[in-house]
Amino acid sequence: MKADLHVHSHYSDGSDSVEELIKQAVKGNVTHMSIVDHDTVAGWPEVKKMGELYGIEVIPGVEISAYDYKRNRKVHVLGYHYRRDAPHIKELCTPLLQRRQKNSLWQIEQIRSLGYPLDQGEILETAKPSQTIYKQHIMRYITNKPYSSADYRHVYRSLFKGDGVANRDIAYVDVYDAVEAIILDGGVAVVAHPGQLNSYELIPELVEVGLGGIELAHPDHTEADHQRVKELADQYKLFMTGGTDYHGKFGIEIGLGDLKSPEIPFVHDGRVRG
């Protein structure tokens with residue numbers, strides 16, 4: 001088994017279509033994959049169809065943009081194997097997507113004030129099938145430099161960070177609400193890339209409300225992160241997951257399945273068990 005359980009498509013902030021992702025998975029000998037688009041489950045029908053067409057076992061997934069209000073920091077929560085209609089996840093994430101869209105439209109206008117020729121309607125159209133504009137969609141109209149290049153990073157920071165005119169964030173959902181929504185929809189909640197967002201202190205508290213797993217393999221994780229994740233997983237009986245956090249042209253240069261993920265047992269009913 002070769003799994004990549006952290007992949008993003010053009011239903012959120014990835015550049016590639018679902019079929020393109022599935023084809024890459026086949027090429028990379030990936031057998032199990034989960035497309036975990038941000039705060040939306042809209043792509044699942046197509047994911048399921050393409051998985052069946054190309055012989056890839058696809059797992060329903062989502063990555064919820066949450067917040068640890070106790071420590072005042074962002075935390076991302078992955079959800080797997082939830083009910084296909086996902087009513088609680090949708091109810092929680094729909095207002096979040098609306099806030100993000102409103103903020104993105106404001107950011108476009110702020111950047112336009114600097115003289116950048118941004119067409120709001122064109123950005124909206126090219127972002128589809130995502131119904132929400134992300135920073136990556138805006139950046140595509142500002143520079144053609146690769147995401148990982150120094151030029152891209154410079155432009156991004158000058159606009160969206162520090163004193164940048166578009167530096168405004170949205171209110172994220174409470175992390176406990178994110179875990180609860182996933183569980184209520186019959187899913188398994190996993191803390192994403194705890195090393196990237198320094199989510200370690202939160203893990204024991206989330207275990208008390210039903211956290212099932214913690215992400216081990218991630219491009220931003222160091223050996224020290226791997227050790228800490230393994231210790232927490234062992235202490236709290238959590239299963240470990242992993243993935244490339246692939247965003248296509250909107251992310252770092254990495255191929256599907258390029259990270260060695262933990263061996264996660266899959267059973268006949270499609271559930272993940274630790």
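Taken to the nearest 0.5 Å, the CD1 atom of Ile22 stands 9.0 Å off from the CG atom of Leu256. Put simply, CG on Asn167 and CD on Gln110 are 11.0 Å apart, with the number rounded to the nearest 0.5 Å. If you take CD on Gln107 and CG on Leu159, they are separated by 9.5 Å, rounding to the nearest 0.5 Å. For the atom pair NE2 (His88) and CG (Asp177), the distance works out to 11.5 Å, reported to the nearest 0.5 Å. The distance from the CG atom of Leu21 to the CD1 atom of Ile35 is 5.0 Å, given to the nearest 0.5 Å. If you take OG on Ser34 and CG on Leu78, they are separated by 8.0 Å, rounding to the nearest 0.5 Å.
Between the side chain of His221 and the backbone N or O of Gly195 there is at least one donor-acceptor pair closer than 3.5 Å. Of the possible polar contacts, one joining the Tyr82 side chain to the Gly61 backbone as a donor-acceptor pair under 3.5 Å is found. Although no hydrogens or angles enter the test, the distance criterion places no donor-acceptor pair under 3.5 Å between the side chain of Arg157 and the main chain of Tyr152. Under a 3.5 Å cut-off, the side chain of Arg112 and the backbone N or O of Asp119 do not form any donor-acceptor pair. Checking side-chain atoms of Lys48 against main-chain N and O of Ile59 turns up no donor-acceptor pair under 3.5 Å. Counting only distance, with no hydrogens or angles, the side chain of Ser9 and the backbone of Val18 share no donor-acceptor pair below 3.5 Å. Between the side chain of His247 and the main chain of Asp245, a donor-acceptor pair closer than 3.5 Å is present. A distance-only check finds no donor-acceptor pair linking the side chain of Asp174 to the backbone of Tyr69 [under 3.5 Å]. Using modelled atom types, no side-chain atom of Glu57 and backbone atom of Gly55 make a donor-acceptor pair closer than 3.5 Å. Here the side chain of Asp185 pairs a donor or acceptor atom with the backbone of Ile89 at under 3.5 angstrom.
Minimum interatomic distance between Val58 and Gly51 (heavy atoms only, all atoms of both residues): CG1-CA, 4.0 Å. Across all their heavy atoms, Ala189 and Val77 have their closest contact at CB-CG1, 4.2 Å. Nearest heavy-atom pair across Cys93 and Ile64 is SG-CG1, 4.0 Å. Residues Val191 and Ser199 share a closest heavy-atom pair of CG1-CB, 4.0 Å. Here the closest heavy-atom approach between residue Ala127 and residue Ile133 is recorded as CB-CG1, 4.5 Å. Nearest heavy-atom pair across Ile138 and Ser104 is CD1-O, 3.9 Å.
Side-chain contact between Leu105 and Gln120: present, with at least one pair of heavy atoms (C-beta onward) separated by less than 4.5 Å. The closest side-chain heavy-atom distance from Leu259 to Pro219 is below 4.5 Å. Looking only at side-chain heavy atoms (C-beta outward), Asp68 and Lys74 stay at 4.5 Å or farther from each other. The shortest side-chain heavy-atom distance between Glu46 and Met50 falls under the 4.5 Å cut-off. Between Leu216 and Thr241 there is no side-chain heavy-atom pair separated by less than 4.5 Å. Counting heavy atoms from C-beta on, the side chains of Ile142 and Leu118 come closer than 4.5 Å. Side chains of His32 and Met1 form a contact here, defined as non-hydrogen atoms less than 4.5 Å apart. A heavy-atom distance below 4.5 Å is not found between the side chains of Asp151 and Thr143.
Other residues, nucleotides and ligands contribute only 12 or fewer heavy atoms inside 6.0 Å of the NZ atom of Lys145. Around the NZ atom of Lys49, the shell of radius 6.0 Å holds no more than 12 heavy atoms that belong to other residues, nucleotides or ligands. For Glu253, the CD atom sits in a loose shell: 12 or fewer heavy atoms of surrounding residues, nucleotides or ligands are nearer than 6.0 Å.
A salt bridge does not link Asp85 to Lys90: none of the charged nitrogens lies less than 4.0 Å from a carboxylate oxygen. Remark: Glu205 engages Arg71 in a salt bridge, criterion side-chain N to carboxylate O under 4.0 Å. Using a 4.0 Å cut-off between charged side-chain N and carboxylate O, Glu125 and Lys128 make a salt bridge.
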Query raised in the report: Hey, mind stepping through Lys249 and Gln136 against side chain to side chain contact (heavy atoms under 4.5 Å, CB included) and telling me if it holds?
Result: CA-CA 9 Å; Lys249 294 178 181 178; Gln136 292 91 331; over 6 Å; no
Query raised in the report: Could you go step by step and tell me if Val62 and Thr40 meet the side chain to side chain contact (heavy atoms under 4.5 Å, CB included) rule?
Result: CA-CA 7 Å; Val62 67; Thr40 181; 6.0 Å; no
Query - Intermediate values then yes/no, side chain to side chain contact (heavy atoms under 4.5 Å, CB included), Val190 and Leu5 - result: CA-CA 11 Å; Val190 176; Leu5 302 185; over 6 Å; no
Requested in this report: Decide yes or no on side chain to side chain contact (heavy atoms under 4.5 Å, CB included) for Asp13 and His38, but give the supporting numbers first.
Outcome: CA-CA 7 Å; Asp13 62 344; His38 288 284; 3.0 Å; yes
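In this model, no donor atom of one side chain and acceptor atom of the other lie less than 3.5 Å apart for Asp225 and Gln196. If you check the side chains of Thr244 and Asp258, you find no donor sitting under 3.5 Å from an acceptor. Inspection of the Tyr54 and Glu19 side chains reveals an N or O donor paired with an N or O acceptor under 3.5 Å.
With hydrophobic clusters built from ILVMFWY side chains whose heavy atoms lie under 4.5 angstrom apart, Val165 does not share a cluster with Ile170. Under a hydrophobic clustering in which Ile, Leu, Val, Met, Phe, Trp and Tyr are joined whenever their side-chain heavy atoms come within less than 4.5 Å, directly or via other members, Tyr246 and Trp44 fall into the same cluster. Each of Val36 and Met33 belongs to its own hydrophobic cluster when Ile, Leu, Val, Met, Phe, Trp and Tyr are linked at side-chain heavy-atom distances under 4.5 angstrom. In the hydrophobic cluster analysis, where Ile, Leu, Val, Met, Phe, Trp and Tyr join through side-chain heavy atoms closer than 4.5 angstrom, Met240 is grouped together with Ile203. Both Leu114 and Ile108 are assigned to one and the same hydrophobic cluster, defined by single-linkage of ILVMFWY side chains at heavy-atom distances under 4.5 Å.
Shown here are the side chain to side chain donor-acceptor pair (under 3.5 Å) partners of Glu63, two or more places apart in sequence or in another chain: His6, His8, His76, His193.
Within the structure, ring-ring contact (aromatic ring centres under 6.0 Å, His included) pairs that include any residue of residues 108-134 comprise Tyr134-His137 (at least two apart or interchain). Residues in residues 92-102 take part in these salt bridge (charged side-chain N to carboxylate O under 4.0 Å, His left out) pairs, two or more places apart or across chains: Asp39-Arg100. Pairs engaging residues 159-183 under the ring-ring contact (aromatic ring centres under 6.0 Å, His included) rule: Tyr156-Phe160 [sequence neighbours left out].
Clustering of Ile, Leu, Val, Met, Phe, Trp and Tyr by side-chain heavy atoms under 4.5 Å joins Trp106 with none of the others.
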Scan the side chains in residues 226-234 for donor-acceptor partners under 3.5 Å anywhere in the protein, sequence neighbours excluded, and list what turns up.
residue: Gln227; atom: NE2; partner: Glu231; partner atom: OE2; Å: 3.1

